[in-house]
Amino acid sequence: MSTYTVDLSTVSGPVYSGRERGEALRQRFNLDAQEESADVISVVIPETTYTVSSSFFLGLLGPSVRKCGTIDNFNKKYQFNAPEFLVPILKGHAALALQSRTLFGR
Amino acid sequence: MHLPKGVARQSFGVLLAAISLGAFASCPPPNSSHLNSNKPSNSKNFETTLSYKTDRSATINAATQSNGSANSTSKNIEPSKCIVEFPTNFKQSVEEKPVDWLARGLGIAGSLLGLFGAIFSIYKMRRDRKLSIEDDFWFRKILAPLTIEPILEGLAELLSDIPNTKSKNSKKKSFAIGITKKFQEFYASANALALMHPSLPSSFIDKLSRCEDILTEFASEISVDSDAEGTLTPESKLKEDVWLAMIDAMNLIKNIQKKH
């Protein structure tokens with residue numbers, strides 16, 4: 001099983017915010033192509049992180065969530081290595097991405 | 001269709017008044033000119049009777065009576081000669097009187113106006129009732145306490161204790177994660193706005209996310225620029241930007257209400 005790693009420790013933190021920043025990272029990590037080739041995408045979030053805003057998450061992983069269609073499929077495809085307090089927040093962001101196809105659509 | 005008593009009475013009263021006005025307008029006045037023009041000078045009311053006997057001696061009794069004076073003429077006339085006198089306005093009295101089109105028009109217009117008034121009253125009553133249910137109950141008692149008020153209170157709470165670059169890292173971290181958690185709650189409660197309009201939740205959340213971005217960007221600034229305080233967004237500017245973004249989101253709700 002092939003795994004592709006998205007390591008946010010290579011990006012300046014500890015607050016990850018801004019939709020444009022998330023979209024820029026998506027292009028930098030070439031996630032559209034990697035999703036097709038890799039079986040699992042591993043997202044590493046440093047322990048020193050304060051928070052990940054919803055707009056950043058949607059910029060980085062919004063298209064991936066919508067492509068997966070459901071939270072279960074997204075959780076199978078994307079595995080998060082993050083501080084414990086961030087896990088429910090990331091799940092909430094993923095649910096928000098599925099809530100409406102036009103949400104945050106720009 | 002059930003109508004409140006007050007509105008039904010009002011509508012009926014308007015309709016009745018209009019119909020009465022129309023009927024009154026179409027009635028001829030008591031001293032119309034066409035009756036006065038050929039009236040003999042010595043009389044006001046005329047009554048004419050004509051009787052004809054079938055036997056060879058025809059008797060024509062033309063009685064013309066005027067006010068206070070009887071002027072009857074009775075003749076035994078030979079069949080070969082028959083003189084019948086009629087009042088001068090006899091012919092005119094059996095003809096149709098000229099139609100007063102203006103009065104009729106006013107009457108019809110009054111009736112139509114009354115009917116329109118009654119229909120409009122019913123329409124307005126139903127519309128006001130619908131708005132009352134939507135605005136008074138659903139918005140004031142459900143949406144405002146469930147969605148609007150918690151957002152405003154949560155935002156005020158976040159802005160009440162803003163850390164700066166000199167604050168402890170724990171406080172900065174607490175502020176940052178607090179923003180994300182609060183706004184996740186706001187987004188969840190915003191789904192109830194679908195009661196007002198199906199597309200309102202997504203557009204409201206889109207606007208509200210701008211508030212979150214402003215706050216998280218500030219949290220990012222104070223977390224990294226510990227020595228460059230001069231470049232930081234002033235607290236007053238931060239609050240102003242956040243509330244402006246919030247008002248922008250609230251205007252969506254206001255515009256939806258206006259459209260109703």
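Bear in mind the structure is a predicted one, so any value in this text is a computation, not a measurement. First the proteins, then the strands, lettered A, B, ... as listed; each starts at 1.
The closest donor-acceptor contact from the side chain of Gln184(B) to the backbone of Ile89(A) lies under 3.5 Å.
When every heavy atom of Asp213(B) is checked against every heavy atom of Gly18(A), the shortest pair comes out as OD1-N, 4.3 Å. Between Ser223(B) and Val15(A) the shortest heavy-atom distance is OG-CG2, 4.3 Å.
Residue Lys76(A) qualifies as open at atom NZ: its count of foreign heavy atoms under 6.0 Å is 12 or below. No more than 12 heavy atoms of other residues, nucleotides or ligands lie within 6.0 Å of NZ in Lys124(B), so this atom counts as exposed by the packing criterion. Within 6.0 Å of the NZ atom in Lys91(A), the count of heavy atoms belonging to other residues, nucleotides or ligands does not exceed 12.
Two residues are said to be in side-chain contact when any heavy atoms from C-beta on lie closer than 4.5 Å; Ser54(A) and Phe183(B) fail this criterion. Residues Asn169(B) and Tyr50(A) have side chains in contact (heavy-atom distance under 4.5 Å, counting atoms from C-beta outward).
Interface residue Thr49(A): only backbone heavy atoms are found under 4.5 Å from chain B.
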**Request:** Dump the intermediate steps for side chain to side chain donor-acceptor pair (under 3.5 Å) on Thr180(B) and Thr51(A), then the final yes or no.
**Result:** CA-CA 7 Å; Thr180(B) 310; Thr51(A) 191; 2.3 Å; yes
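The line from CD of Glu221(B) to OG of Ser17(A) is 9.5 Å long, rounded to the nearest 0.5 Å.
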